[in-house]
Number of protein chains: 2
Amino acid sequence: MTAHDSGRRLGRATRNEDRKAEIIQAALEVIAERGYRGASLAAVAERVGLTQQGLLHYFPTKEALLIAVLEIRDQWDMASAALAGSAWPMEMMASLVEYNATRPGIVQVFTVLAGDSVTEDHPAREYFKDRYRWVRHNAVESLRNEYGDELPGGLTPEQAAPLLIAIMDGLQVQWLHDPEAVDMPASFRDFVKLLTPDDLPKT
Amino acid sequence: MTAHDSGRRLGRATRNEDRKAEIIQAALEVIAERGYRGASLAAVAERVGLTQQGLLHYFPTKEALLIAVLEIRDQWDMASAALAGSAWPMEMMASLVEYNATRPGIVQVFTVLAGDSVTEDHPAREYFKDRYRWVRHNAVESLRNEYGDELPGGLTPEQAAPLLIAIMDGLQVQWLHDPEAVDMPASFRDFVKLLTPDDLPKT
DNA sequence: CAACCCCTACCGATCAATAGGTCGCCCGGT
DNA sequence: ACCGGGCGACCTATTGATCGGTAGGGGTTG
């Protein structure tokens with residue numbers, strides 16, 4: 001809150017934020033390994049060199065930590081969206097998938113959480129519902145932007161959007177289970193081919 | 001083991017199997033609601049009118065119960081596969097999806113488990129890996145059977161198979177999160193349209 | 001038919017581990 | 001001296017699991 005960060009003294013506030021970031025990072029790892037329900041505060045704390053109680057000092061409850069984790073993803077999303085002006089070209093999506101294939105950990109967190117959150121009273125339920133809405137809406141724009149209103153099979157962008165998202169999620173699951181049997185980026189590009197109208201032979 | 005079930009006396013062995021079936025059913029429900037890690041033996045037991053220890057009499061360990069749950073799915077799969085001679089027409093898949101849309105519970109179990117199982121040392125890890133392999137293989141056959149070797153976008157059945165699976169899984173996740181925003185069966189059919197070569201205008 | 005026994009089904013008591021969370025204290029920098 | 005950061009002790013719930021029992025239906029024997 002105190003905005004006078006004038007001096008080089010990186011305010012104690014900054015220190016605090018740094019620590020929080022570390023913790024979130026650790027939480028990402030642990031959740032990736034054990035899921036939300038299986039991720040104990042103690043395990044997260046240990047990874048940052050804290051005790052469970054020390055962790056609770058930064059995030060008063062486990063749910064608060066989860067929320068922080070989800071918010072950080074939103075920040076990434078927003079950042080990327082800003083880069084692309086809210087309508088991502090397919091090519092950018094493809095390279096995003098490629099990038100994801102590099103970081104199984106991150107993919108795993110959100111795959112696990114997305115499954116987890118379908119559960120009763122899960123704290124991330126609402127989050128995912130909203131997120132999917134947003135992502136779908138975004139996909140519609142991107143699709144229309146790239147292919148116009150008419151896609152192969154007579155599909156509209158509105159119809160294709162859920163499919164695009166489903167492909168990304170579904171491929172991740174298969175890929176996480178068996179990276180050697182599923183080439184996630186290649187498969188994604190295959191799907192893009194399906195979406196590409198074939199009346200332009202593409203050189 | 002005693003094969004002389006001649007009389008109408010439904011052997012105590014049958015009784016045993018029945019009880020097990022009940023328990024598995026209950027386990028399906030509880031897992032759907034809370035995931036595997038969140039599903040306590042006590043909760044499952046209570047649903048069948050047993051104590052936790054009573055349950056453990058039938059399945060000596062939690063993992064054993066999980067395995068039984070997974071096996072029952074295999075039985076369903078096998079049964080359906082038998083019906084279709086191992087190569088499912090697309091139309092049958094579509095109606096399977098339609099059927100699934102009727103039973104959110106079942107879908108939820110396996111969506112949750114599929115996510116859950118990506119986790120370290122998860123007892124169902126191997127199961128899902130194998131299952132995906134099998135399903136993919138199966139999909140290849142079905143696709144080739146239906147469309148031949150050449151699909152839209154120049155894809156081979158081998159390339160399209162992971163996409164088909166991904167669509168099913170991915171749509172389920174979105175649908176579970178927001179059934180009103182995602183029409184799973186319709187979306188699946190949309191995807192099938194993408195796969196259908198357009199040189200046959202279909203009446 | 002009765003006495004007997006045995007095995008299946010099931011429960012009560014109990015455990016060790018682990019969970020998330022609270023409270024009060026201390027330490028060190030400013 | 002103050003305060004943010006952090007820990008130790010402690011608590012209560014819950015978990016999966018073990019052990020020792022017991023109720024009773026069924027078959028066997030006399």
Side-chain angles (χ1 to χ4, degrees), chain A residues 1-2 4-23 26-27 30-31 33-69 116 119-123, chain B residues 1-2 4-24 26-27 30-31 33-69 116 119-124:
Chain A
M1 304 319 180
T2 61
H4 53 73
D5 284 347
S6 47
R8 51 186 256 294
R9 259 276 146 280
L10 297 161
R12 25 275 128 204
T14 308
R15 203 93 189 103
N16 183 303
E17 289 306 312
D18 284 352
R19 213 81 169 97
K20 280 192 176 181
E22 277 183 67
I23 294 175
V30 177
I31 293 178
E33 288 168 11
R34 340 257 282 229
Y36 173 63
R37 287 194 146 91
S40 74
L41 292 180
V44 176
E46 187 189 16
R47 211 164 287 221
V48 221
L50 278 183
T51 62
Q52 185 229 111
Q53 305 87 319
L55 204 177
L56 268 309
H57 173 71
Y58 291 91
F59 300 94
T61 168
K62 189 182 181 181
E63 194 172 324
L65 177 55
L66 208 221
I67 291 174
V69 166
D116 228 358
T119 274
E120 248 183 12
D121 297 330
H122 195 286
Chain B
M1 303 319 179
T2 63
H4 53 75
D5 286 347
S6 48
R8 46 185 261 292
R9 260 275 147 283
L10 297 161
R12 25 266 127 217
T14 308
R15 205 92 187 101
N16 182 303
E17 289 307 312
D18 285 352
R19 211 83 168 96
K20 280 192 177 179
E22 277 184 66
I23 294 176
I24 292 177
V30 177
I31 293 178
E33 287 167 13
R34 340 258 277 233
Y36 173 63
R37 288 195 145 91
S40 75
L41 293 179
V44 176
E46 188 189 16
R47 210 164 287 220
V48 219
L50 278 183
T51 61
Q52 185 231 116
Q53 304 88 320
L55 204 177
L56 287 204
H57 171 70
Y58 291 93
F59 300 94
T61 167
K62 188 181 181 183
E63 194 173 324
L65 177 55
L66 208 221
I67 290 174
V69 165
D116 228 357
T119 272
E120 250 183 12
D121 296 330
H122 194 288

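Quick note: numbers below take in every heavy atom, side chains included, and nothing from hydrogens, waters or symmetry partners. What you see is a predicted model; the values in this text were computed from it and never measured.
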* Check side chain to side chain donor-acceptor pair (under 3.5 Å) between A/R34 and all other residues, then give those that pass, not counting sequence neighbours. => none

* Between D/dT15, D/dT18, C/dG20, spot the one nearest the side chain of B/S40, thanks. => D/dT15

Close N or O pairs between protein and nucleotides 11-15 of chain C (under 3.5 Å):
{"residue": "C/dC11", "atom": "OP2", "partner": "B/T51", "partner atom": "N", "Å": "3.1"}
{"residue": "C/dC11", "atom": "OP2", "partner": "B/T51", "partner atom": "OG1", "Å": "3.0"}
{"residue": "C/dG12", "atom": "N7", "partner": "B/Q53", "partner atom": "NE2", "Å": "3.2"}
{"residue": "C/dA13", "atom": "N6", "partner": "B/Q53", "partner atom": "NE2", "Å": "3.0"}

* Find the distance A/L56:CG to D/dG8:P and express it as a whole number of Å. => 15 Å

* Assign B/L41 to base, sugar-phosphate, or nothing according to its heavy-atom contacts below 4.0 angstrom with the strands shown. => sugar-phosphate

* Look up atom NZ in A/K20 and atom NE2 in A/H57, then write down how far apart they are to the nearest 0.5 Å. => 9.0 Å

* Return the value, rounded to whole Å, for the distance between atom CD of B/E22 and atom P of C/dA9. => 13 Å

* Asked: At under 4.0 Å between heavy atoms, what does B/A39 touch on the DNA or RNA strands: base, sugar-phosphate, or nothing?
  -> sugar-phosphate

* What residues, two or more places apart in sequence or in another chain, satisfy salt bridge (charged side-chain N to carboxylate O under 4.0 Å, His left out) together with B/E46? -> none

* Asked: Starting at CZ of A/F59 and ending at P of C/dG21, how long is that distance when rounded to a whole Å?
  -> 13 Å

* Could I get the full list of side-chain contact (heavy atoms from CB on, under 4.5 Å) partners for A/L56, not counting sequence neighbours? => A/L41, A/Q52

* Would you tell me if any nitrogen or oxygen in the side chain of A/T61 comes within less than 4.0 Å of OP1 or OP2 on C/dG20? => no

* What is the distance, rounded to the nearest whole Å, between atom CG of A/L65 and atom C1' of C/dA19? -> 15 Å

* Phosphate oxygens OP1/OP2 of C/dA9: is one of them under 4.0 Å from a side-chain N or O of B/N16? -> yes

* With A/E22, which residues qualify under salt bridge (charged side-chain N to carboxylate O under 4.0 Å, His left out), at least two apart? -> A/R19

* Does B/T61 have any side-chain contact (heavy atoms from CB on, under 4.5 Å) partners at least two apart in sequence or in another chain, and if so, which? -> B/E63, B/A64

* Nucleotide C/dA19, atom C1' - distance to NZ of A/K62 in whole Å -> 8 Å

